[in-house]
Structures are given as C-alpha cells and as structure tokens.
Amino acid sequence: MGTIKEDIQIYDPVNTNNNVYYSKIMYKNAEISLQIPKNTLVLNKDKQKAKLNIDEGTVDFIKEVSKAVIEITSDKSPYFFGKTISCEDCESIYKEALVNNTLHCFYDEDTYFYLSKKESLPIEEVPEENEGIALIKCSAVVYTKHSFFIRWEICQFKIKKQKEEPEEIFKFDEYIIKDLPEHDSPIDGDPLSKKLEEICLF
C-alpha cells in the first residue's frame, strides 16, 4: 500500500519578497481541496486569519500531508536550498497549522461567505464566529529563513443555522461544496505572492 508522500509533488520554490519563498503543492496531480463537515469557524478580521475546528478524518489527512511535506522538503533540500537538511531538522522548524482539532488558516477578499445560493455576504457582515460547512485548499508550502509551513486557505464557507444538521459528507476529492453546482472549478484569486506579506501563522 502506498503512502500519501508518493502522491504529493512540491514544485520548485519561487521567491516572492523579503526572501519568502513558496512552492506549489499537488496531490494526485490536482490541487488539495477538502470539504469540512459542519463545524465552528472563528475569524481574526484584523489579520485575515481564521481558526477552523475540523473532524478526525480531516485531522488524520492533514497530519499525513504535513509529514509528507517535511520528508519531501528534506529530500529536496540540496536542490531547493543548496544544502542537505535532515528530516529531523526539517521537522524541528516546521510550523504545523493544526493544533489538536483546530486548523489555523487564512482567508482573503476572494473567500466566498454565504447563507444560500443567492445570499453572499461581504466580510464586514460575517460574524467573527460561525457554524457552517467549509471548503479549504492547500495553496502552497511557504519557506522563510527559519521555518516553513503549509498555507491553508478558506475558499468558501456556507453559514448554517444552529438547528440545521450537516448536509454534506467529507470527501478528499471534491472541489466544490455540493449544493453550489454553479461553482464547478476551484476559485482563482490574485497571484499568491500578493497574499504572503504576512507569513506567520501564530
């Protein structure tokens, strides 16, 4: 049986600014997008960051992706950075976005918050704490001088009323929230380099 590492590809790092590099990451030749069942999202509107509670299945998958990224970074370190960095050293400088069952992630002006198909909300009207269904993606591996991490972004978030039950199930290979058939492709935003001015998760 294969491992997730065998199906993940990390592309050559690209320098954005201030010696911050990012690498595109793919899983089975596709962007990593995950639909999260109904859960709690807390927004930090000052920094465009968020905390998303996630289910155990997603936790396990993200941990496996992180492990693969650490190992691949070590394997490719002579080519990426001009020196060999052991897997143990890579692990020591890796910033895990997942803390227990909470994923530290990002959102931006392209994130789509909505109540129904016809009711999108500007970020100013979105409460800081919400219950709902999220679509997230792994946009890049970000490398700085002293650390690296996976940048997880919220693409869409459907706000649900407290009394409603989750309508969807978690799938790794879905790219849209199923009750939005008009969104048939991942959301394309501005070039990622514009989103990396503030690179620290914590």
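No hydrogens, no waters, no symmetry mates; every other heavy atom, side chains included, goes into these values. Worth saying up front: this structure is predicted, and the values here are computed from it rather than measured.
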Please list, chain by chain and in numerical order, all residues satisfying side chain to side chain contact (heavy atoms under 4.5 Å, CB included) with [X], sequence neighbours excluded.
X	result
Glu129	Thr40, Val42
Asn19	Asn15, Tyr21
Ser66	Ile62, Tyr94, Glu96, Ile150
Asp12	Tyr79, Phe80

Beyond-backbone contact of [X] with [Y], side-chain heavy atoms, under 4.5 angstrom:
X	Y	answer
Gln9	Ile25	no
Leu43	Tyr107	yes
Ile36	Ile133	no
Cys155	Tyr112	no

[X] side, atom [atom1]; [Y] side, atom [atom2] - distance, nearest 0.5 Å:
X	Y	atom1	atom2	result
Cys105	Leu52	SG	CG	5.5 Å
Gln48	Phe106	CD	CZ	10.0 Å
Ile154	Lys49	CD1	NZ	13.0 Å
Ser33	Lys137	OG	NZ	7.0 Å
Ser139	Glu31	OG	CD	8.0 Å
Cys90	Ile85	SG	CD1	5.0 Å

Evaluation steps, side-chain contact (heavy atoms from CB on, under 4.5 Å), between Val59 and Leu103: CA-CA 9 Å; Val59 166; Leu103 182 68; over 6 Å; no
Atom NZ of Lys76: over 12 foreign heavy atoms under 6.0 Å: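 Yes, NZ of Lys76 has more than 12 neighbouring heavy atoms, counting only those of other groups under 6.0 Å.
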Glu71, CD: over 12 other non-hydrogen atoms inside 6.0 angstrom: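 It does: Glu71 CD has more than 12 such atoms within range.
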Stepwise side-chain contact (heavy atoms from CB on, under 4.5 Å) check, Lys38 with Glu131: CA-CA 7 Å; Lys38 183 180 176 183; Glu131 296 287 328; 4.0 Å; yes
Mutual orientation of the aromatic rings belonging to Phe113 and Phe157 [parallel < 30°, tilted 30-60°, perpendicular > 60°]: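 Correct class here is tilted.
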Going by side chain to side chain donor-acceptor pair (under 3.5 Å), name the residues that satisfy it together with [X], two or more places apart in sequence or in a different chain.
X	result
Glu125	none
Asn53	Thr102
Lys5	Asp75
Ser92	none

Test side-chain contact (heavy atoms from CB on, under 4.5 Å) applied to Lys51 and Leu41, step by step: CA-CA 6 Å; Lys51 295 179 182 179; Leu41 175 73; over 6 Å; no
Donor on one side chain, acceptor on other, Asn101 and Glu56, under 3.5 Å: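 Present: a donor and an acceptor within the cut-off.
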Side-chain donor-acceptor contact under 3.5 Å, Ser74 with Ser77: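 Distance-only check fails for Ser74 and Ser77.
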Please check this pair: side chain of [X] against backbone of [Y], looking for a donor-acceptor N/O pair closer than 3.5 Å.
X	Y	value
Thr73	Val69	yes
Lys158	Leu135	no
Lys45	Ile123	yes

Ring-face cation of Arg151 near Tyr22 (centre distance under 6.0 Å, axis angle within 45°):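 Judged by the rule, Arg151 and Tyr22 form no cation-pi pair.
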Atom of Lys95, atom of Phe149 and distance for their closest heavy-atom approach: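 Looking at all heavy atoms of both residues, the closest pair is O-CB, 3.2 Å.
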Listed partners of Tyr143 passing ring-ring contact (aromatic ring centres under 6.0 Å, His included), at least two apart: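 If we apply the ring-ring contact (aromatic ring centres under 6.0 Å, His included) test to Tyr143, skipping adjacent residues, the hits are Phe81, Phe148.
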Evaluation steps, side-chain contact (heavy atoms from CB on, under 4.5 Å), between Ile4 and Tyr27: CA-CA 8 Å; Ile4 286 180; Tyr27 174 63; 4.0 Å; yes
Linked hydrophobic residues, Met26 as query - side chain contacts closer than 4.5 Å: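 Other cluster members: Tyr11.
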